[in-house]
Each structure stands twice: as structure tokens, then as C-alpha cells.
Amino acid sequence: MHNPIRWMGRWSVAPALVLLAALAIGGPCQPAWSQDPQPTAEPTTQEPTAEAPGEPAQASAPEEAAALPEEAGTEATADAASGRSESMQWVDEHIFDLDRGWLLLVVLIFCGSVVFWIAHARSGRPVKVRKIAGLEAVDEAVGRATEMGRSVLYIPGIQDINEIQTIASMTVLARVSRTAAEYDAKVEVPTSRSLVMTTARETVQAAYLSAGRPDAYNQDLIYYVTDEQFGYVAYLQGLMVREKPAACFYMGAFYAESLILAETGNSIGAIQVAGTAMPAQLPFFVAACDYTLIGEEFFAASAYLSGSPEELGSLKGQDMGKMIVGGLLILGVILTTLASATGSEVLQHFVDFLTQNVLT
Amino acid sequence: MKRTAPLLIASIAGFVMIVAYFIPKTQTWGEDVSVWFDILAAIAFILGGGNLLRVQLKKISDRRPGWGYALITLIAFVVMLACGLLKIGSHPNEQYPAFAWSGTYNQTGTPFWWMYEYLIVPLQSTIFAMLAFYVASAAFRAFRAKNVEAILLLGTAFVILLGRTAAGVFLTDFIPSDVLIENPTFLQHLVSTLRLENLTVFLMDIFNTAGNRAIMIGIALGTASVSLKILLGVDRSYLGSGED
Amino acid sequence: MFEFFRNLDRRWIFLMMFLCVAVPIFVIGKYKTTFPEKPLVLATNVFNEIDNLPDGSKVLLAFDYDPGSEGELGPMATAFTLHCIKKHHKMYFIALWPLGRQMIDNAVNRIIKADFPHLRYGEDYVNLGFKAGNEGVIKVIVTDLRKLYTTDSRGTATDEIPMMQGIENIQQMDLVINVSAGYPGTKEWVQYAVTPFPDRIRLVAGCTGVQAPLLYPYIPQQLPGLLAAIKGASEYESLVMAKYGGENISGKYLEAQRRMGPQLVAHLLMIFLIIAGNVIYFVERRRGVRQ
């Protein structure tokens, strides 16, 4: 069937990019050095000064804001400070938030890069992806559970389906379920959100169907427990200790429960694979699990597992984004260092422009 | 159609959220989409409750291992729900004394309040406190000086563990601090940084922040990439499979 | 001994940890002593942000935590509330966590009603309660508070509450204080409140230890001050007590400093365990090489 979303993506992105880029460039591009250096233009986002170590960077901001009588007055001052004409102010209020123009430009460059590489991959050119051990281990873990005659426990995090990590988790669940269907292993998916349960059921059912085992699908193994974080954890701990699953997958958004779950899994000798984009929980998973998908590896799972050129192309686009960010970081560091070392006003103005316009 | 409709909804809602961020006139659209999700999520509580009842009742009727726990879950669920919904023990609002149900469900002294205060609070605190035990056992098992990186990690762990307590101040109290010096020289500042409490802040602020930023940039790009793929319909795996 | 440690059952570790936490709690409870605290920059910044506001400023206190993290975050919530009271700030309490509402009630009952009964509800403080929707709530209330908060937690219409007069959105607050145990929390407040309105919304926060590393990147531009876990709470508490405590300070206002005792002993145990684990590792490796 012709997919309207793909059609929309293909034909609407390019003109939208051009239009929005034009808006972005035409927006807040008044460079700092071209503005009238009146006292009203004094930036409120000052860096902490050497004279006042430990003082808050914006200590005077609330007083300044409070001193202004009306919100409209604040806006007027901000517009005057940015040196915008009346027509630009009108545009800012009605058509496009000019303060966010640079952000839009960054978004467009990144999205453009992803779209470009997707199109590039569609044209048939090969895209190489390195091996991700955590995803390779799926077969091993499910195979081991089958050999031992025990179940596979899949935990899709504790966030709802509007969390992108939970969506990424569904992709891995599809693969785990499909492998389990092929091996005839039991996959149990207790969820902490009922919408996640519904989505997981759809995912697992489709996986069993695509593995040619629709009869083996049992929706009762995917069920809701509780929204309460620690209530959910208590249930999972009990389940692990009682049923001793041979393989445990922790894929999604996790908080304080990550180590409790992973250590309990370790104590029952389960093979454990984790994946999350919560930086604070990564050390715990790395310490207690056999394999861990770290941050973006977890998001790459969909492309990696599907192997479709379109999705692999998006990874390449993502890498391009990383290179751009890396390049900008190095440029910023060099410029700031040079500005500080040479005392050059032009460089300092440029750095101020970058920090106060582009990066805000 | 089964797949196209959800894809269209996801795409339109996603693009509305993006547009609302940049175009002031459409800001309320984004808020409306957020509210729609809240409505869905609220309705999903009923779905969740229904599923909980079904699964636990089935466990009990099948006499599966651990059915006793299912019974406890069921009783706790029904009792808490009844106390909250029926506002059992709740006094009417002072403004509307004629209306029996005008009080709040969690007034002090009500059964709901009692269960919350004396069951939920201690139980939640207990589970969270168990982290301390698991952290200790994981540290004993996993922290090994296997190579140079691991040794650095160990050293950092010791500094942070000591620096976050009074021991840090006590152990390095002999190192002069630059806090009371009006204009400390670079050397004085450097020496002062060697105090454990300052070294902790330095490690957390510089090395930890740098590492975290790198991971967060990767995650942010990954998130944006996955979101874009979902909005454009390239990634449909969350709907079950990649096939239409 | 070596064999004992090599095959150490984790329950022994659990027992050691239990003793390392329980004994100091008992000792500190009995002798009412605390370790000396030296406030560092981030805690000082939080203190200054609140203290430098003119008396009677409008402060939004978002208690986004639950009983699970009460042990870590409760003392800082107490200190924040006390500090605001001492500065005569107008306190607007909200929660994005379902159980956060009870955390607000705790603060109101334990501090305001118990020690400052002269403060009047609706004039000095108001509890707007919990709203579902996570960061969606923040996105809405930064521009339109009344769209979501038509009533307070008692069901009184916000139009009838004196201190809500003229409050249309949280950009009108002089400061936002967030006590955060996770999602939604400080990160969301930074992303959806401070980032879109950097000149109008000021935010300071207190968070759990595990969250703190995630929030350091936002310091100082989007987040001028941060209390990281009980240590940060202890530093801030010592600052508040030094300025406003006076003599005969009630024990509930020293909770953070008291909890530093068990933390010290538990950290020492962790160091011991890590060293013990490594000794075992190296002895085993040497034996392996010899064999």
C-alpha cells in the first residue's frame, strides 16, 4: 500500500526546510557587534565574574524583571534591545518566534542530514554498521532460557509510551519475542503503564505472527502491574526470585530501580541485557548486567535489528550530526581561548554573539 | 488502515508539537495535544485497573504458585480504591457542609490517609532504601582494578565517597583553603583544590560534566533521529512490525 | 578468612550495611550531635538565590518526589520551606508527582501549621496540589497557570484565593524551587520553563544523588544552584540554620546534618568492600599465574 506518511515526508520536508531556514536566517541574525551598545541592551545572562566567586550568575535578574511594571514592557524592552524593527516585532509575535530561529536552523541541519542519508541509503548504496554486542546477545539469552526451560523476563522501563525510550524498547521487544517464538520460549512482560501494555501486546503478537507461530502467542503474559515505581519494583523482584527467569532484559527508561533489578537478576544467575538512555543509570547496568546498550546504541537498535537501508541511513545522518556538534565544540573552544588569550574585542564580540544569540 | 491511521495521528501530533514551539500563534495547539495525551493516559488507568483485576483473579482461580500474593494485591487494590472513591471517613467541606461528599478523599484521619501514611510511605521508603544494600554488594563484586582506566575509576570513587562526607574535610584539613583569601593566586587555588571536598566538586563539575555532556549529546541526537523516523513513518516497529 | 571473603554471601554485605547505617542513627539520635558542615559553592548559590530576593517575593515550590525518596529529599524540602518562611516569601506549592501532594501536606503540617501558625492559607501560602501530565503541565503553566489550576488542592477556586490574584503564569514568580526525585523533575523544569524563558524564570533545585550528575551541565546558566542529595541538603541546612536558626533548634530542622553520620560510615564500608574485593582479585590472579 502507498504510505501517505512516506509521501508526506518525501515531498514536504524539502520545501519546509527551505522556508524555515529562510525564516531562521532572517530572524535573530542581528549580530551582537552591530547592535547599539546602549545600557538597555545589557545582557542578563552574565557569566560569573572573577570579583564575585560563588555569587549566582544572574543574581540581579529577578530584581530587574520585578522592576518592570508589565510583561508587555519586558517584551518591548527586549525587542528594543535586540534592535528589531516594528515589522520584525510583528513577525516575532504572530508568525515566528525569532528568538528560536537559531535553534530551528540547528534542527533543520540535523534533520536535513538524517533525511539526506536516508535518501542516500535508499538509492542502494551500502551502509556499514559496527556490531552491537548487546543486540547480538539477544539470541544467546533467549536460547539459554529455552535450554534451561525457564522464561524470559522483559521489562520496558517505567515510563509511558510517550517516552521515546519506551518506543525504542518496543523495537527490541519485537526482536526478543520473535526469537522466543522461533525457539518456543516464554516471554513475560510486566509493565508499569497500561498504554505500554497495550503497545507491547500489539508488538509481541505481530512478532509471533511474523515468526509463523500465532498460536503460541499468549496475551496474558503481557500485563499491567502498577504505575507506582517501587510497587512495580517490588513485584518484579518477587517474580524474579520466585520464577528465576533465565534471561532478563531491561530496555527503556529507568530510575532508581535499575540497580535493584539488575542486582536481583544477578543474584538468580540470569543472563542480563540492559539498554537505556538515562545516563545516571548506565553505570549501574554496566556494573551488574552482562551486556548494556549505552544511550544512542539503544536508539540504534531499531535500525540495527531491522537492517533496512532507510533506517541504517538515519544512523549515518545521526553521525553527521555528531560530527557537526563536535566541530562546533572545537571551534567554540578555540575561539573562546583565543579571545581570552589575545584580548581581541572582535573575537570576544563573536563569542558573545554565539553564546547570547545562537546558543540561547 | 490499521497501521496508517496511528501513523498519521503520530505524525500530525508530532509536527504540531514542533510547529507550536516556533510559531507563537500555534503555541496553544501544542498544549492541546499534550492535554489529549493526558486524557488518554487518564483513561488508561481504567484499562490498567481492569487488567490488574483480570490477571490477579485468574491467578487465584487457577491456584497458580504465588496466588496468595495475588489475593493480597486484589484486596489492597479494592480497599484503597473504595476508600478513595467513596471518600470513606471524610468530613464535608466547610463551605458545603450539606454535601456529604464535598470533602477531600485524603483528609487526615480518613482510612485512605491512614493507609497512605502507614502502609504506602513505609513500603516505598523500604524499597528505595534497599538501594544502599545493592550498591554495596555491586561495589564489592564489580569494582576491580583490572586496567589503568579501572584504577582511575577506583581512585575517583574513593575521592567522591570521602569527599561527600565529613571525612573529606577532616582528612585534608591540613591543606590551606583559599576561601578566606581575598584574591587567591593560581597556586593557592590549585593547592586548595586538593582538599577532598573541593576535589569532589572539581571531579564532578569538570570530568563528570564533560563525560555526561558527551553521552547526552549522543542521546539527544539519537532521540531526535528516532523521533524524526517515527514522524516520517520510516520506523514503524513500535506498531508491531515493519510490514504494512 | 580469605576463603570467607572470596565466597562472601551477599547477605553478609547487607548485614554490614545495615549495622553501618543503624548504629550511627542510634548514636546521633541519643547524643544529638552532628558533624561539622562546610557549605560549598552550589549550596551557597541556592541559599543566596532565596536570601537575596526581597522579603515577600513570590516563590513557586515544586515538590516532585514521593515517600521513596523522602529520606534523601525531605530535609531539603523542610529547609526550603523554612527559609521561605523566614524571608516572608509567598509560597505557591505544586507537585507533578501524584504523591508529591502528600509531601506538600507534610511540609505544611510539620512546619507551617506546627511552628508558624500565624501564616494564613491563601495569603502567605497556597497548595495548588498535584496535576497529571508531567512536563506537559510545565509547558502549559509557563504561559497559562489558570488553564490547569482552576482550583487549589482543597477545591477552592483560584480566583477566590487572595495570593492568586494577578497570577497568570509562572513567569510572574520571582523564583522556582524544585525538589526532584526523577521524572518529571529538575531536568524538565530546566528544559520547559527556564530554557524558553531564560530571563523571566529563575530556578534552583535539590535532587537525589543519582540525578545530580545529569544536572551539572545546566549549571550555572540555566540552574544557578543545586543541592545534590543529602550532602547538599546538609550544606544548605547549615547555612539556613546559621542565619535563621537561633538557639534551641528543633531536631526536624537538623535532619540533613544528622543523616550525614550514617552516610559517612556507609561510605567507609563501601571503601572497605572495594579494597577487600580488589585484594581478593589480586590474590586470585597471582595464584592463577603460579598455577
Side-chain angles (χ1 to χ4, degrees), chain B residues 21 27-28 30-31 33-35 37-38 41-42 93 95 102 104 106 108 113 116-117 120-125 127-129 131-137 139-146 154 157-158 161-162 164-167 169-170 177 179 197-198 200-201 204-205 208-209 211-213 216, chain C residues 8 10 13-14 16-18 21 35-38 40-42 66-72 99 101-102 105 109 132-133 135-137 139-140 143-144 147 153-156 196 209-210 212-214 216-217 219 228-229 231 260-261 263-264 266-271 273-274 276-278 281-282:
Chain B
Y21 189 76
Q27 201 171 32
T28 52
E31 288 164 10
V33 171
S34 295
V35 172
F37 178 77
D38 293 345
N93 189 317
Q95 287 178 317
S102 59
T104 53
N106 60 347
T108 307
W113 171 87
Y116 168 79
E117 202 69 24
I120 293 181
V121 172
L123 284 171
Q124 287 208 348
S125 301
I127 301 284
F128 188 57
L131 253 181
F133 300 102
Y134 289 120
V135 164
S137 71
F140 178 67
R141 206 186 60 251
F143 263 120
R144 293 284 187 270
K146 288 177 182 168
L154 270 178
F158 288 156
L161 282 170
L162 289 172
R164 301 290 294 171
T165 62
V169 179
F170 174 74
S177 169
V179 172
E197 73 271 21
N198 294 338
T200 303
V201 174
M204 295 289 279
D205 207 18
N208 176 63
T209 303
N212 254 314
R213 275 188 178 153
M216 281 163 79
Chain C
L8 188 66
R10 70 182 66 215
I13 298 175
F14 294 169
M16 282 189 268
M17 182 54 86
F18 171 73
V21 174
F35 285 102
E37 199 53 69
K38 188 186 167 207
L40 298 176
V41 176
L42 289 179
D66 61 9
S69 44
E70 206 277 337
E72 203 172 2
L99 298 182
R101 181 181 162 169
Q102 273 75 17
D105 288 341
N109 292 333
E135 71 271 24
V137 175
K139 284 181 197 169
V140 174
T143 51
D144 191 353
K147 187 170 182 178
S153 67
R154 299 175 175 185
T156 311
V210 81
L214 291 181
Y216 278 106
I219 296 169
K231 168 75 171 149
M260 287 306 290
Q263 176 151 320
L264 168 66
H267 281 200
L268 292 177
L269 172 70
M270 297 270 290
I271 290 172
L273 287 172
I274 292 171
N278 276 281
Y281 169 71
F282 281 112

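Using a 4.5 Å cut-off between heavy atoms, B/Ile127 makes no contact with chain C at all. Only the side chain of B/Thr104 comes within contact range of chain C, judged by heavy atoms closer than 4.5 Å. Proximity to chain B (any heavy atom under 4.5 Å) is shown, for C/Ala266, by neither the backbone nor the side chain. Heavy atoms closer than 4.5 Å to chain B are found nowhere in C/Leu269, neither backbone nor side chain. With a threshold of 4.5 angstrom between heavy atoms, B/Ala139 approaches chain C through its backbone and through its side chain. Contact annotation for B/Tyr116: only side-chain heavy atoms (C-beta onward) come within less than 4.5 Å of a heavy atom of chain C. Only the side chain of C/Thr143 comes within less than 4.5 Å of a heavy atom in chain B; its backbone stays farther off. Heavy-atom distances place no part of C/Leu42 under 4.5 Å from chain B, backbone and side chain included. Looking at B/Val135, both its backbone and its side chain come within 4.5 Å of chain C, counting heavy atoms on both sides. Within the 4.5 angstrom heavy-atom criterion, only side-chain atoms of C/Arg101, from C-beta onward, approach chain B. For B/Val121, the parts lying near chain C are the backbone and the side chain together; criterion is any non-hydrogen pair under 4.5 Å. Of the atoms belonging to C/Ala228, heavy atoms from both backbone and side chain fall under 4.5 Å from chain B. Looking at C/Leu40, the atoms closer than 4.5 Å to chain B (heavy atoms on both sides) all sit in the side chain, from C-beta outward.
Nearest heavy-atom pair across B/Phe143 and B/Ala157 is CZ-CB, 4.1 Å. A pairwise comparison of heavy atoms in C/Arg10 and B/Ser137 identifies NH1-OG, 4.0 Å as the closest pair. Taking every heavy atom of both residues into account, C/Phe14 and B/Tyr134 meet most closely at CZ-CE2, 3.9 Å. Of all heavy-atom pairs between C/Gln263 and C/Lys231, the closest is NE2-CB, 4.4 Å. Residues B/Asp38 and C/Gly133 come closest through the heavy atom pair OD1-CA, 3.3 Å.
Rounding to the nearest 0.5 Å gives a distance of 10.0 Å between CZ of B/Arg144 and CD1 of C/Ile274. Separating the CG atom in C/Asp144 from the OG1 atom in B/Thr28 is a distance of 10.0 Å, to the nearest 0.5 Å.
Within a 6.0 Å sphere centred on NZ of B/Lys146, other residues, nucleotides and ligands contribute 12 heavy atoms or fewer.
Top candidate by heavy-atom pairs under 4.5 Å with chain B, chosen from C/Leu268, C/Leu99, C/Leu8, is C/Leu99. Top candidate by heavy-atom pairs under 4.5 Å with chain B, chosen from C/Gln102, C/Glu70, C/Met260, is C/Gln102. The greatest number of non-hydrogen atom pairs below 4.5 Å with chain C, out of B/Tyr21, B/Phe170, B/Phe158, is found for B/Phe158. The most heavy-atom pairs under 4.5 Å with chain C, out of B/Ala136, B/Ala132, B/Ala166, come from B/Ala136.
A donor-acceptor distance shorter than 3.5 angstrom exists from the side chain of B/Thr209 to the backbone of B/Met204, with no hydrogens or angles considered.
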task = Could you please spell out the steps behind the side chain to side chain contact (heavy atoms under 4.5 Å, CB included) verdict for B/Asn212 and C/Tyr216?
result = CA-CA 9 Å; B/Asn212 254 314; C/Tyr216 278 106; over 6 Å; no

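B/Ala145 meets the side-chain contact (heavy atoms from CB on, under 4.5 Å) test with B/Ile151, B/Leu154, C/Asn278, C/Phe282; sequence neighbours excluded.
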